[in-house]
There are 2 protein chains.
Amino acid sequence: MSEKPAAYGETGSRRTYEWPRPALTVDVAVFSVIGTLNDLMLQVLLVERAQEPFKGSWALPGGFVHENEDLGAAAARELLEETGVRESYLDQVAAIGTPGRDPRGHTVTVLHVALIPADKHDLVSSGDARMARWFPAAKLPPLAFDHAKLLEAARDHLRRRIAATPVCFELLPAEFTLSELQALCETLLGRALDRRNFRRKVQDAGFLAKVKGQREGKHRPAQLFKLLPKEFARYVAQERALPW
Amino acid sequence: MSEKPAAYGETGSRRTYEWPRPALTVDVAVFSVIGTLNDLMLQVLLVERAQEPFKGSWALPGGFVHENEDLGAAAARELLEETGVRESYLDQVAAIGTPGRDPRGHTVTVLHVALIPADKHDLVSSGDARMARWFPAAKLPPLAFDHAKLLEAARDHLRRRIAATPVCFELLPAEFTLSELQALCETLLGRALDRRNFRRKVQDAGFLAKVKGQREGKHRPAQLFKLLPKEFARYVAQERALPW
DNA sequence: ACAAAAGTGTTCTAGTTACACCCATGG
DNA sequence: CCATGGGTGTAACTAGAACACTTTTGT
């Protein structure tokens, strides 16, 4: 690290930091799904801005990083404070600091992506009275700042991660049917998968186990499965391709 | 973004930012290769620290982000200032802000990885008199701060990128033999590749063209190739797997 | 002549894709 | 009895891995 500006936190008589520091924020693109099976929809959590600039616009939840706070912790905290939502999957996407992205001055944000299980959506109106709401990913309102771009980047990151990691299971209840898992993957990937191939591959992978019950519905009941975390960890450790 | 602390750059009478802002730096893990063919070595560019803390230790080049400066631009600038090296490939790896990583206080760094062509190594001793030196990646000195971890992360990122992008060509001269390309890929990936398979695949890919000359050496001369940027762009646009 | 790197095809295997029919249930 | 989603196997194709000998040059 360069020593040209006296470093942050230096004590005593040395001069303080010469240049204005960029502000550092975290923003979180939060995804979840609602509906069941053939009517599954990807949705995004947004908050309404209470102040200028962009007062009244929708934005990604986020905020300033506290002193001595880790970036992931800051993202989780902001999400909880602003929306009452506790994430179950959180991943860093990138740092973005394009000049001019915030009209108030130079602000660098560390973008994260989070996933919330379908059954834990209960939003708490946040302390500072801003609204948090779910929007369908396909029909978003205009977003504040460069948040439309950020969201696009997060979506992209997610698509790639899904192809390489277990994120799907973060969005499902403990017991689920293969069709539910498949529909979820299809929603996240944005493309259809062949049912027979999917079932074969996912069962051959060996990290799922049948459980006693069945999912009752309007039609033929479906076998329930659960994830075997141990087998699953072993599977991903080998860096074997996931079945989708 | 949270409004709890008055935002950076807000004008007039509002209170200023309440919390100390984390300092924001960029660090760059710079890789290159030296030697030819069967004696090719991956090397890393480090600078010697002139001040405490870690005075005299080796560290990644890097420094503070200037006002209204983009992150990538900051990384390129620091690299040039500190080492005289102009990068030809630069990619963001991640932001790291683990509390305690800098003894002077809360410092978040945006880690980048850069590649330098083998024939452009001329280091300029930097203005502030610090040393810049290449080290073999396999035999590194102890590093300042958490830079050993950062370097590991950058190496990892690079391995993954090589599997998915054209970074190899950033390290080669304009005309090169297939063996040179292969040796380079092997060095970066850290594993051997089958020669016949490599040649077939890379030639089938269709983004290389034979050029007139031959590489003269102690042994049988080798056909020279050049990259066809247009074909190459088309190839990667399709997200087809690269031949290695 | 020999040492050293360049150059060249084929076979086998594993993984991926495409595809169609019967089954169980609720209404 | 019919509409809806659950459940199953096989054949064709494609991509990747393994593998050995001949050629050209410098010394």
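It should be emphasised that the depicted structure is a prediction, and the values quoted were computed from it without experimental measurement. Proteins come first, then strands; the chains are lettered A, B, ... in the order of their sequence lines, and each starts at number 1.
In this structure, B/Gln223 places its CD atom 13 Å from P of D/dT25, rounding to the nearest Å. The distance from atom NZ of A/Lys210 to atom C1' of D/dG6 is 12 Å, rounded to the nearest whole Å. The separation between A/Leu224 atom CG and D/dG7 atom C1' is 15 Å, rounded to whole Å. The distance from atom CG of A/Leu208 to atom P of D/dG7 is 13 Å, rounded to the nearest whole Å. The nearest whole Å value for the distance from the CG atom in B/Asp204 to the P atom in C/dG7 is 16 Å. With rounding to whole Å, A/Phe198 atom CZ is found 16 Å from C/dT17 atom C1'. The separation between B/Lys201 atom NZ and C/dG9 atom P is 17 Å, rounded to whole Å. Taking atom CZ on A/Phe176 and atom P on D/dG6, their separation rounds to 14 Å, with Å as the unit.
In this structure B/Arg195 satisfies the salt bridge (Lys or Arg N to Asp or Glu O under 4.0 Å) test with no other residue, sequence neighbours excluded. Residues that satisfy the side-chain contact (heavy atoms from CB on, under 4.5 Å) test with A/Asp91, not counting sequence neighbours, are A/Tyr89, A/Val113, A/His157, A/Arg161. Partners of B/Asn197 according to the side-chain hydrogen bond (donor to acceptor under 3.5 Å, both in side chains) rule, which considers only residues two or more places apart in sequence or in another chain, are B/Asp194, B/Arg200. In this structure, the salt bridge (Lys or Arg N to Asp or Glu O under 4.0 Å) partners of A/Arg215, at least two apart in sequence or on a different chain, are A/Glu180.
OP1 or OP2 of D/dG6 lies within a sub-4.0 Å distance of a side-chain N or O belonging to A/Ser179.
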(message) Each nucleotide in nucleotides 18-27 of chain C should get exactly one letter: B, S or -. Can you fill that in based on protein heavy atoms under 4.0 Å?
(response) BBB--BBBS-

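Without hydrogens or angle criteria, A/Thr109 side chain to A/Leu111 main chain gives no donor-acceptor distance under 3.5 Å.
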Output side-chain donor-acceptor pairs under 3.5 Å for residues 221-231 of chain B, partner residues at least two apart or in another chain, one line each.
| from | atom 1 | to | atom 2 | distance (Å) |
| --- | --- | --- | --- | --- |
| B/Gln223 | NE2 | B/Val211 | O | 2.7 |

